[in-house]
Number of protein chains: 2
Amino acid sequence: MNAVEKKSGRDLSERLNTGGFRFTPQRQQVYDVLLHRHDHPTAEEVFIRSKRAMPDISMATVYNCLDALVQCGLVRLVQLERGATRYCPNMEEHCHYYCDACGTVFDVALAAGAAVGPRPRGFQVDHYEIAVHGLCAECAGKRKK
Amino acid sequence: MNAVEKKSGRDLSERLNTGGFRFTPQRQQVYDVLLHRHDHPTAEEVFIRSKRAMPDISMATVYNCLDALVQCGLVRLVQLERGATRYCPNMEEHCHYYCDACGTVFDVALAAGAAVGPRPRGFQVDHYEIAVHGLCAECAGKRKK
DNA sequence: CTAGGTGCAAAAGGTTTGCGGTTAA
DNA sequence: TTAACCGCAAACCTTTTGCACCTAG
């Protein structure tokens, strides 16, 4: 059993229970999809991939599963474009480099405790998100021509 | 004439023309709404405020105007929540502190050229967005009780 | 056993598009 | 003069909700 399988197996069940959620095959399926390829899919993409292994799964269930995973701290929301939330199973501190041309997302680790400047008086920080927009090497090359 | 009025007057016309857009009363109105109160309104909120001075303006026009302003580099998109794009007329380098409880957004200046770590090979950076989530002083206080 | 989860279908936002009439340059 | 823009309404896409049935604990 490799690391990914372990993480999506019994560990998932425990994390869900701790958060007050039940373990279900659908939640495992959705989590597996996210762990299998760290490409920050949208809910729609998670739905399509999940259907391959579980043809009867519904969109409502996918949203429900994703929300449960987010609330358990196993997955985070990423807002990079207008009108499409993406999901990221990487819970390490990192930022997202997003190619505005092809939509590819690159995870880049941050130095631990990276500071983001002074904060408003009394503001209680929960987490932060850093998104860098631009062109990936491939798209930048194409554009020059 | 104060600084804000100047910025939204002849200057706006020039910036629009430079970007290949026409100056229209609707674009001025929408820009005025954003400059008047820097509270990062959604398109819907911009529409409501614009209607007070210009009752016949339509939602489609508001989106059109906002897009034109974004393309001219006068306004930027901000994605802080699921399903609601906000608009920010502050083009200085800054990050957004967002209260997950009441939705208030605080702008905080960044040190010029603040680094966000190493970047993927060949990635051509256009701009970056830093969003800090948590609770504002007021909401954090309420939650303790 | 039963609270919570699932699938379905309909509704609810938010955003975009098509079109006939209007206007900035 | 005319390409760009406006207002309106319909379409579109993502996300949420209500409900009857099912199932994990």
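Reminder, nothing fancy here: chain letters follow the sequence lines and each chain counts from 1. Side chains included, hydrogens not; waters and symmetry mates left out as well; all remaining heavy atoms used. Quick caveat: nothing in here was measured; it's all calculated off a predicted structure.
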For the pair made of CZ in A:R86 and P in D:dT15, what is the distance, rounded to whole Å? 11 Å
Do any side-chain nitrogens or oxygens of A:Q26 fall under 4.0 Å of OP1 or OP2 in D:dT23? no
Side-chain donor-acceptor pair under 3.5 Å between B:R27 and B:N64, yes or no? yes
Could you give the OH-to-P distance, from A:Y63 to D:dC13, as a whole number of Å? 13 Å
A:H94 side chain to A:E92 main-chain N or O, any donor-acceptor pair under 3.5 Å? yes
If you look at every strand shown and take non-hydrogen atoms under 4.0 Å, does B:T85 touch a base, only sugar-phosphate, or nothing? sugar-phosphate
Given D:dT15, C:dT6, D:dC6, which nucleotide is nearest the side-chain atoms of A:R27? C:dT6
Check the distance between C:dT15's P and A:Q79's CD and give it to me in whole angstrom. 11 Å
Respond yes when some side-chain nitrogen or oxygen of B:R82 is under 4.0 Å from OP1 or OP2 of D:dT16, and no when none is. yes
From D:dC6, C:dT6, D:dG7, pick the nucleotide closest to the side chain of B:I57? D:dG7
For the backbone of A:E14 and the side chain of A:T18, can you confirm whether one donor and one acceptor N or O come within less than 3.5 Å of each other? yes
Considering heavy-atom distances to DNA chain C, does A:G83 or A:A68 have its closest nucleotide positioned more toward the 5' end? A:A68
Roughly how many Å is it from CG in B:L69 to C1' in D:dC5, rounded to a whole number? 14 Å
Per the end-axis method with five pairs at each terminus, what is the bend angle of the helix from C:dC1-D:dG25 to C:dA25-D:dT1, to 10°? 50°
Any salt bridge linking A:D32 with A:R49? Criterion: basic side-chain nitrogen under 4.0 Å from a carboxylate oxygen. no
Value in whole Å for how far the C1' atom of C:dT15 lies from CD of A:E81: 14 Å
Please list all pairs passing the ring-ring contact (aromatic ring centres under 6.0 Å, His included) test where one or both residues lie in residues 38-73 of chain A, with sequence neighbours left out. A:H40-A:H96
Residue from B:L35, B:V30, B:V70, B:D67 passing side-chain contact (heavy atoms from CB on, under 4.5 Å) with B:V75: B:V70
Does a salt bridge link B:E81 with B:R86, judged by any charged N lying under 4.0 Å from a carboxylate O? yes
Is a side-chain donor-acceptor pair under 3.5 Å present for A:D126 with B:H133? no
Pairs under 3.5 angstrom, nitrogen or oxygen only, protein versus nucleotides 18-20 of chain D, please.
none

Atom CG of B:L16 and atom P of D:dC6: how far apart are they, to the nearest Å? 10 Å
Do any N or O atoms of the protein come closer than 3.5 Å to N or O atoms of nucleotides 23-25 of chain C, and which pairs are they?
unit_1, atom_1, unit_2, atom_2, d
C:dT23, O2, B:R22, NH1, 3.4
C:dA24, O3', B:F23, O, 3.2
C:dA24, N3, B:R22, NH1, 3.4
C:dA25, OP1, B:F23, N, 3.0

For B:Y98, the other hydrophobic cluster members (4.5 Å side-chain criterion, sorted by chain and number) are B:V78, B:L80, B:V105
A:T61 vs C:dG7: side-chain N/O to OP1/OP2 distance below 4.0 Å: yes
Neighbours of DNA chain D within residues 47-56 of chain B, by heavy-atom distance under 4.0 Å: B:D56
Backbone N/O of B:V46 and side chain of B:S50: donor-acceptor pair under 3.5 Å: yes
Closest non-hydrogen atom pair, B:F123 against A:C136: CD1-CA, 3.7 Å
Do B:I48 and B:L69 share a hydrophobic cluster (ILVMFWY, side-chain heavy atoms under 4.5 Å, transitive)? no
hydrophobic_cluster_shared for B:L135 and B:I130, side chain cutoff 4.5 Å: no
Does A:C72 offer a backbone N or O that forms a donor-acceptor pair with the side chain of A:R15 under 3.5 Å? yes
In whole angstroms, how far is the P atom of C:dG14 from the CD atom of B:E45? 9 Å
Counting distance only, does the side-chain N/O of B:Q71 pair as donor-acceptor with the main-chain N or O of B:A68 below 3.5 Å? no
Protein-nucleotide distance (B:L66, atom CG; D:dC6, atom P), rounded to Å: 11 Å
